[in-house]
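Okay, so here's the structure we're looking at.
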Amino acid sequence: MDIRSKAIPLPIDNIDTDQIIPAKFLKQTDRLGYGKNLFYAWRYLQDGSPNPDFELNNPARKDAEILIAGNNFGCGSSREHAAWAVADYGIKVVLSTQFADIFKGNAYNNGILPVELDERSIADITQLVLDQPATEIEVSLQHQLVKVSTLNLEKNFHISPFKKECLLNGVDETDYLINLRGEVTLFEQQR
Amino acid sequence: MPKTLFDKIWDLHVVKHVADGLDVLYIDQHFLHEVTSPQAFDGLRKRGVEVFRPQQCVATADHNVPTKNQDQPIKDPLSANQVNSLIKNCEEFGIELYGIGHENQGIVHIIGPDLGITQPGMTIVCGDSHTSTHGAFGTIAFGIGTSQVEQVLAAQSLVLSRPKTMSIEVNGQLNKGVTAKDVILYIIAQLGAEGATGYFVEYSGNVFRNFTMEERMTVCNMSIEMGARGGLIGIDQTTIDYVTSRVEIPKEKIFTWLSLNTDEDAVFDKTIKLNAADIHPLVTCGTAPDTGIRLSDRVSASKHITKKALGYMQFNQDDQISDQSVDYVFIGSCTNGRIEDLRAVANLVKGHKKAEHVNVWVVPGSMKVRSQAIEEDLDKIFEASGFEFREPGCSACLAMNEDKIPAGSLCVSTSNRNFEGRQGEGARTVLASPLTAAASAITGKITDPTIFLN
Ligand code: SF4
């Protein structure tokens with residue numbers, strides 16, 4: 001998974017799952033089509049038209065696959081609909097200083113790469129992208145590296161080897177656990 | 001080596017270490033509700049696998065259910081469809097369901113403990129972040145996403161990274177009018193909305209030891225609001241009395257439970273000590289649960305208030321919080337929808353009437369809480385005060401049913417989240433204890449409950 005893309009800056013701390021996808025959109029029984037309601041309340045005006053001041057509606061951010069958020073992105077509810085909305089919109093990487101635990105797990109399970117960098121780097125990248133929307137950011141999962149050439153910035157990020165393997169080789173964690181049913185049964189008998 | 005309660009329970013549930021510090025953790029109990037489960041059941045059907053341990057799953061309908069006329073079909077077709085999917089899925093996969101109208105129906109985190117399903121030493125999950133509530137019993141309980149719901153259904157286990165541990169100790173004498181809700185709002189305001197991210201918290205100290213199980217649940221419930229994976233409290237006689245009054249437990253099991261408690265010299269990754277005397281009744285003034293301030297404070301007293309939040313809440317920095325006029329009061333949710341909460345409210349409002357311009361909804365957390373309240377004639381007190389006593393469900397906590405707070409209206413709410421739009425688009429939420437909510441309903445302004453306590 002190597003991404004080279006423009007980015008959407010959203011420098012707001014504690015963006016919660018109710019902002020990512022409001023509760024009224026949780027009534028579906030499938031995983032499809034949540035992207036159009038991503039950040040619904042910020043993205044659309046009362047009359048349903050796009051809010052021109054919101055970065056997702058900025059034509060310069062079109063087709064961006066990277067989102068740069070403030071600290072503690074995805075806090076709040078466990079709703080995986082938040083990750084489905086982010087993925088369905090076309091975001092493949094989210095950069096932040098820190099993610100809420102449940103969101104982070106949900107992101108991995110939906111092929112989204114959550115990348116945590118230090119405060120300074122996030123601030124610098126955000127500023128650059130605000131000033132120069134055309135800037136492209138490179139993210140390599142293989143090398144666990146974020147690269148922004150304009151800033152001369154190269155930063156490694158952490159990911160557990162298991163999650164990396166899952167993302168890189170499309171290993172499905174659920175299949176992995178189903179294959180472990182024998183061991184689980186043994187565990188139950190021995191406890 | 002001395003160990004914490006958390007570490008003991010975790011270690012007893014490791015099926016297998018995955019190479020890099022990740023563990024496969026066995027899950028004892030799985031709770032399900034209608035919102036986060038349909039896609040998981042679909043996943044099972046696609047894979048052609050059955051539920052691995054259906055007897056360790058219990059489901060209920062709570063998020064979408066109306067709180068009026070529950071005997072009639074749900075009007076909103078999408079909500080109806082979700083609730084019906086749950087019925088169908090539980091039938092197909094052999095899972096016990098406490099649906100609408102069932103005497104055990106209620107908010108998932110209220111019924112588990114009340115039915116004696118939640119027991120010390122367990123690992124408990126649910127596709128819901130407030131699963132941390134069950135930590136009050138000395139369990140490892142935490143919320144999971146829908147993919148993980150599918151995994152637990154499929155294999156009764158999860159691949160998890162081991163969180164760090166944090167001890168939060170509160171000792172001393174609580175001030176008048178300070179409830180469990182104020183204690184947890186205070187802790188969250190101290191640590192911040194992300195202050196415990198990556199940690200599992202153990203609450204200790206005489207304040208929690210003196211709390212009832214219901215008060216402990218209120219505290220553990222909101223652990224997630226400071227980012228914690230979960231929160232738990234040591235197992236003692238209070239825990240055991242609560243559980244054994246609901247289900248029969250053999251003596252040996254009780255000894256095993258008590259042996260799980262944190263050893264004296266156990267070391268936490270982080271330790272925080274707070275003084276009970278510093279805690280006062282609190283209300284939030286922003287759009288994150290860490291914006292709690294005292295009722296005598298101005299909005300600027302919150303160190304976590306942001307400009308964006310001020311704009312949304314229509315507050316100014318130097319506004320006095322207790323001057324704010326209230327439009328709605330919501331008493332309920334998995335944080336404060338239990339019988340002791342309703343008793344506290346009834347006690348305070350007895351002989352008083354709500355302010356004319358305020359709408360007050362009292363929504364019990366479960367059918368059992370509702371019938372208990374009726375048995376104690378609390379419903380009559382509510383009625384005499386002009387409070388609407390509803391049928392059980394999540395209700396205005398997240399406004400997925402028709403219980404929505406209109407845009408611009410201010411709601412004093414005993415729930416757990418004041419995020420933008422949480423209680424309805426444009427709704428302004430002020431989190432508070434049941435006492436503060438009740439006092440505010442009477443005066444029509446955000447009000448310190450201590451003036452009613454004598
Ligand atoms: S009452 Fe609120 S927080 Fe609790 S489970 Fe229901 S929606 Fe979630």
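Using a 4.5 Å cut-off between non-hydrogen atoms, the part of residues 48-73 of chain A that approaches chain B consists of A:Asn71, A:Asn72. Contacts of residues 417-426 of chain B with chain A at a heavy-atom distance below 4.5 Å involve B:Arg417, B:Phe419, B:Glu420, B:Arg422, B:Glu425, listed in sequence order. At a heavy-atom cut-off of under 4.5 Å, chain B is reached by A:Ser160, A:Pro161, A:Phe162 from residues 157-165 of chain A, listed in order of number. Near-neighbour residues of residues 170-191 of chain A relative to chain B, defined by a heavy atom under 4.5 Å from a heavy atom of that chain, comprise A:Asp172, A:Glu173, A:Thr174, A:Asp175, A:Tyr176, A:Leu177, A:Ile178, A:Leu180, A:Arg181, A:Glu183, A:Val184, A:Thr185, A:Phe187, A:Glu188, A:Arg191.
Considering every non-hydrogen atom in both A:Ser77 and B:Ser129, the closest pair reads CA-OG, 3.6 Å.
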Carefully, step by step, assess A:Leu26 and B:His63 under the rule side-chain contact (heavy atoms from CB on, under 4.5 Å). CA-CA 10 Å; A:Leu26 310 185; B:His63 284 63; over 6 Å; no
A:Lys27 vs B:Asn81, side-chain contact (heavy atoms from CB on, under 4.5 Å): CA-CA, chis, key distance, verdict: CA-CA 8 Å; A:Lys27 297 191 186 193; B:Asn81 179 43; over 6 Å; no
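Looking at heavy atoms from C-beta onward, A:Gln28 lies out of side-chain contact with B:Leu78 at the 4.5 angstrom threshold. When side chains are defined from C-beta on, A:Arg79 counts as touching B:Leu398, because their heavy atoms get closer than 4.5 Å. With contacts defined as side-chain heavy-atom distances shorter than 4.5 Å, the pair B:Ser147/A:Glu80 qualifies.
Proximity to chain B (any heavy atom under 4.5 Å) is restricted, for A:Phe99, to the backbone atoms N, CA, C and O. Looking at A:Ala23, the atoms closer than 4.5 Å to chain B (heavy atoms on both sides) sit in the backbone and in the side chain alike. Of the atoms belonging to A:Asp30, it is backbone heavy atoms, and not side-chain ones, that fall under 4.5 Å from chain B.
For the atom pair CG (B:Asn89) and OG1 (A:Thr29), the distance works out to 9.0 Å, reported to the nearest 0.5 Å.
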